[in-house]
Each structure stands twice: as structure tokens, then as C-alpha cells.
Amino acid sequence: MFHFEQTIANVKKHVLVLSLVKMRYKLLHSWDVRPDEAVEIQEMLAGSVRIQRVERLETVAGTDVSFSGSRAYAAAVLLDYQDMRLLDVSFADMDVGYPYIPGLLTFREGPVILRALEGIDDADVLLFDGQGIAHPRRFGEASHLGLLLDRPSVGCAKSRLCGEFSEPGKERGSFSLVVDRGEIVGAALRTRTNVKPVFVSPGHMSDLSSAIEIALNCARSHRVPEPLRLAHILSSKRARSKR
DNA sequence: GCGACAG
DNA sequence: ATCTTGTCGC
């Protein structure tokens with residue numbers, strides 16, 4: 001299928017020469033908290049999310065996490081926004097410290113994702129496999145991690161978490177708004193004609209039109225945007241090989 | 001109490 | 001998410 005090992009080796013060699021600034025983030029809270037405390041943290045930080053148009057778009061990053069028993073494996077990739085060429089890759093893995101609870105996904109995947117992101121160069125926008133503000137407390141994974149990383153971010157999930165929406169048109173590019181409690185929180189976007197839509201929503205420092213534009217640009221020959229698709233392939237491959 | 005529920 | 005092969009269709 002692909003030859004990622006070789007590709008990754010070449011990429012790494014290249015990055016050593018023109019390495020920019022590696023991704024950094026600030027922990028605004030502990031990850032070791034009870035579910036009720038996690039909810040409080042989300043409600044407290046949600047007010048800091050900024051909705052604005054994304055200007056500079058030369059690079060895009062994507063992350064994903066795969067699980068194997070009690071271990072979580074994350075992959076972070078950096079791609080060129082124009083040709084979707086791979087520019088940098090990084091991996092991280094750690095013991096699973098939190099169960100999957102709808103609405104609290106970040107407390108399960110956030111820690112490993114951040115560690116993987118520390119290994120790649122800064123990106124103009126970050127793509128996450130999950131919701132942005134299309135979340136009960138308007139603070140999904142993309143919003144949460146985007147805020148900690150202080151970078152523009154977009155949420156792109158394969159299914160909906162909250163809100164109502166109507167079936168979008170069948171053509172690639174058509175979309176319908178996702179409305180939750182009277183608020184437009186995202187969109188059901190068709191990235192490929194006659195294929196189930198993906199759910200995009202602003203994370204942090206991005207807006208809905210930017211989110212739609214970015215997801216569409218990154219989804220070329222597949223339903224899932226290239227950065228997320230690649231991160232998924234790499235993390236799952238690493239998860240099963242290490243067992 | 002019942003159904004919904006990112007990965 | 002994960003357990004898993006082939007198979008129908010664009």
C-alpha cells in the first residue's frame with residue numbers, strides 16, 4: 001500500500017536541516033480529575049475559546065489515537081496545505097488513564113495527543129478527530145487542545161455528539177448546519193459525493209466557514225481529511241505492531 | 001425511568 | 001475505539 005517507514009525517514013532527515021519551532025502547550029489544569037471536575041474545567045475554559053477566521057494556511061497538522069489494551073498510541077503529522085505532502089511526523093504512547101465518557105473525550109486522549117504534537121513543527125491549523133464547539137459545553141477536543149496549544153484548530157468527527165441537522169445535499173461540498181439549543185455549532189459536510197458526511201466545527205481561533213474550507217481542502221480522494229487519515233493509519237499500525 | 005452519546 | 005474476511009459497488 002504505502003511505504004511510510006521510508007517516507008518518514010526521508011522526512012526526518014529533511015526536518016533536521018530546516019526545523020522550525022516544535023509545538024508547545026501550557027497545561028491550564030490537571031488531567032487527573034473526576035468526571036464532575038472535568039465538566040467544571042470545561043465550563044471554566046469554554047469562555048476562552050475565540051471564534052475567528054483562519055488567515056495563514058501553509059501547513060496543517062492532524063492527530064489520532066489508537067488503543068491496544070491499556071495502552072494509547074498517538075500519531076501527529078504535519079502536511080503542506082497545498083499538496084498534502086508529508087512534512088513531519090511524531091509518535092507518543094502512554095497508559096490509558098481515563099475511560100471513554102461522551103463529552104469528556106479530551107481527558108482520555110488529550111495527554112497522549114499533546115505529547116505527540118510536541119514532536120512536530122508548529123502548524124497553521126490543527127485538525128482533530130472529534131468535535132470543536134459542537135459539544136454540550138462548547139468545548140470539544142479541538143477547542144480544548146487548540147486552547148492549550150494557543151493555535152487555530154478545527155474539529156472533524158465521523159459522527160455527531162449533539163445538535164440537530166438535516167441531510168446535506170449529495171454533492172461534495174454541500175453541507176447543512178448543526179444546531180444545538182438554538183445555536184449553530186457546526187456543519188454536516190459532504191467531502192465526497194454520495195458518501196456519508198463528516199461533522200466539522202470550529203475548535204479555537206477558527207470559524208465555521210474556515211472549518212468547512214479547511215476540511216474540504218484536506219479531503220481529496222477520501223471522506224476523512226488527509227491529515228487525520230494518515231494519523232489514523234500510522235497510530236493504528238503502531239498500536240498493533242507493539243503487541 | 002428512557003433514549004442519546006466524539007473515540 | 002476494538003474484535004475481524006470477504007465482498008458489493010463507484
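The model shown is predicted, which means the values in this text are computed figures rather than measured ones. Labels below follow one simple rule: chain letters A, B, ... track the order of the sequence lines, proteins then strands, and each chain is numbered from 1.
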message: Heavy atoms only, 4.0 Å cut-off, all strands: where does A:Q131 land among base, sugar-phosphate and nothing?
response: base
query: On the ring face of A:F91, is A:R238 found with NZ or CZ under 6.0 Å from the centre and within 45° of the axis?
result: yes
query: NA contact type, A:G103, heavy-atom cut-off 4.0 Å: base, sugar-phosphate, or nothing?
result: base
- request: Could you state the atom-to-atom distance from CG of A:L105 to P of B:dG7 in whole Å?
  value: 8 Å
- prompt: Which is true for A:L228 with a 4.0 Å heavy-atom rule: it touches a base, it touches only sugar-phosphate, or it touches nothing?
  reply: nothing
- request: Mind checking A:S68 for me? I need base, sugar-phosphate or nothing, with any heavy atom below 4.0 Å counting as a touch.
  value: nothing
- prompt: Could you write out DNA chain B as a dot-bracket string, with dots for unpaired bases, | for bases paired across to another strand, and Watson-Crick or G-U pairs counted at under 3.5 Å?
  reply: .......
message: Can you tell me if A:K158 touches the phosphate of B:dG7, counting only side-chain N or O atoms and a distance under 4.0 Å to OP1 or OP2?
response: yes
- request: Check the angle between the aromatic planes of A:Y98 and A:F107 and answer parallel, tilted or perpendicular using the 30° and 60° thresholds.
  value: tilted
Boundaries of the DNA chain C segment in contact with chain A, non-hydrogen, under 4.0 Å: C:dA1 to C:dC3
message: Distance check, rounded to the nearest 0.5 Å: A:S176 atom OG versus A:E167 atom CD?
response: 7.0 Å
field: Separation of B:dG7 P from A:I113 CD1 (nearest whole Å)
entry: 12 Å
Spacing of A:H204 atom NE2 and A:I133 atom CD1 [to the nearest 0.5 Å]: 12.5 Å
- prompt: Which whole-number value in Å describes the distance from A:L145 CG to B:dA6 C1'?
  reply: 13 Å
message: Without decimals, in angstroms, what is the distance between A:R160 CZ and B:dA6 C1'?
response: 10 Å
- request: Nearest-nucleotide wise, let me know which of A:N194 and A:A239 is further upstream toward the 5' end of DNA chain C.
  value: A:A239
message: Closer than 4.0 angstrom, basic N to acidic O: yes or no for A:D122 and A:K22?
response: no
- request: Apply salt bridge (charged side-chain N to carboxylate O under 4.0 Å, His left out) to A:E213 and A:R53, showing your working.
  value: CA-CA 11 Å; A:E213 176 190 315; A:R53 180 153 190 76; 2.5 Å; yes
message: Taking A:D93 first and then A:R115, would you say they form a salt bridge - that is, a charged N and a carboxylate O separated by under 4.0 Å?
response: no
query: So, does A:R223 use its side chain to make a donor-acceptor pair with the main chain of A:V195 at under 3.5 Å?
result: no
query: Is there a side-chain polar atom (N or O) of A:S159 under 4.0 Å from OP1 or OP2 of B:dG7?
result: yes
field: Nearest-Å distance for atom pair CZ/P, residues A:F67 and B:dA6
entry: 14 Å
message: To the nearest 0.5 Å, what is the distance between CD1 on A:I212 and CG on A:N217?
response: 13.5 Å
task: Answer with base, sugar-phosphate or nothing: what part of the nucleic acid does A:H144 contact at a heavy-atom distance below 4.0 Å?
output: nothing
- prompt: Within this structure, what is the CG-to-P distance between A:D180 and B:dA6, rounded to whole angstrom?
  reply: 13 Å
A:H232 NE2 to B:dA6 C1', straight-line distance once rounded to whole Å: 13 Å
Separation of atom CZ in A:R108 from atom P in B:dG7, rounded to whole Å: 13 Å
Approximate separation, where rounding is to 0.5 Å, of A:L177 CG and A:L189 CG: 11.0 Å
